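I have placed the structure first, in the form of structure tokens, so that the comments after it can refer back to it.
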Amino acid sequence: MRRRCSTRPGTNAPSRCARSLAGSGSEEDLTGLGTASLSIVSEALGDCVAAGQATSTDLSRDAIALWLGLHGFAHQRAISVAFPWPEDTAERIITALAHLNDGTA
């Protein structure tokens with residue numbers, strides 16, 4: 001990957017950075033990134049639906065939303081280490097995005 005950065009006038013601080021994926025793989029390679037992980041999330045969510053633990057009606061879209069939500073959460077936890085995260089943050093994200101219920105539905 002190549003990185004291109006420009007600096008703010010009068011400083012050495014980057015004002016914007018962009019990563020270029022050009023030359024790092026084919027479009028097919030880049031499109032397939034994360035496919036195995038997404039498949040695991042989708043299968044687990046499907047198992048939850050089959051067991052009556054989740055109410056997803058669009059497994060593909062809900063699995064993608066859950067996958068992205070977990071990535072966002074992991075990213076924020078990694079860069080905001082001093083933030084006072086509530087203990088149940090992960091559960092709230094997972095419960096909402098996976099459409100989890102108490103199993104009585």
Side-chain angles (χ1 to χ4, degrees):
M1 256 190 260
R2 293 179 301 195
R3 180 178 273 235
R4 297 184 307 260
C5 295
S6 61
T7 58
R8 286 184 286 209
T11 72
N12 289 328
S15 61
R16 67 184 177 100
C17 290
R19 290 186 179 186
S20 171
L21 295 174
S24 65
S26 69
E27 184 175 335
E28 183 178 328
D29 291 339
L30 297 174
T31 303
L33 290 174
T35 302
S37 298
L38 180 56
S39 178
I40 292 168
V41 171
S42 182
E43 184 177 330
L45 183 55
D47 290 346
C48 290
V49 171
Q53 298 292 317
T55 60
S56 173
T57 58
D58 191 333
L59 192 58
S60 177
R61 287 181 172 194
D62 290 338
I64 290 170
L66 178 58
W67 185 52
L68 291 173
L70 292 172
H71 272 84
F73 179 63
H75 172 77
Q76 286 305 118
R77 289 292 302 250
I79 66 165
S80 302
V81 294
F83 186 82
W85 296 99
E87 288 184 29
D88 66 344
T89 302
E91 289 79 12
R92 288 173 171 269
I93 291 169
I94 294 166
T95 299
L97 292 175
H99 302 279
L100 296 180
N101 58 41
D102 63 5
T104 61

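We number each residue from 1, following the sequence as shown. Computed from a predicted model, the values in this text were never measured in an experiment.
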Could you go step by step and tell me if Val49 and Thr55 meet the side chain to side chain contact (heavy atoms under 4.5 Å, CB included) rule?
-> CA-CA 6 Å; Val49 171; Thr55 60; over 6 Å; no
Under a 3.5 Å distance rule, please check whether [X] uses its side chain to pair with a backbone N or O of [Y] as donor and acceptor.
| X | Y | value |
| --- | --- | --- |
| Ser80 | Arg77 | no |
| Trp67 | Asp62 | no |
| Thr95 | Arg92 | no |

Can you tell me how far apart [atom1] ([X]) and [atom2] ([Y]) are? Round to the nearest 0.5 Å.
| X | Y | atom1 | atom2 | value |
| --- | --- | --- | --- | --- |
| Leu38 | Ile40 | CG | CD1 | 9.5 Å |
| His71 | Ser37 | NE2 | OG | 6.5 Å |
| His75 | Leu68 | NE2 | CG | 13.5 Å |

Over 12 non-hydrogen atoms of neighbours within 6.0 angstrom of CD in Glu43 = no
Are [X] and [Y] grouped together when hydrophobic residues (ILVMFWY) are joined by side-chain heavy atoms under 4.5 angstrom apart?
| X | Y | answer |
| --- | --- | --- |
| Ile93 | Ile79 | no |
| Leu45 | Phe73 | no |
| Ile64 | Leu59 | no |

Looking only at heavy atoms, which two atoms of Ile94 and Leu66 are closest? And how far apart?
-> CA-CD1, 4.1 Å
What are the two closest heavy atoms between Ala54 and Leu100, and how far apart are they?
-> CB-CD2, 3.9 Å
Give the C-alpha distance, both sets of side-chain angles, the deciding distance and a yes or no for side chain to side chain contact (heavy atoms under 4.5 Å, CB included) between Gln76 and Trp85.
-> CA-CA 10 Å; Gln76 286 305 118; Trp85 296 99; 3.7 Å; yes
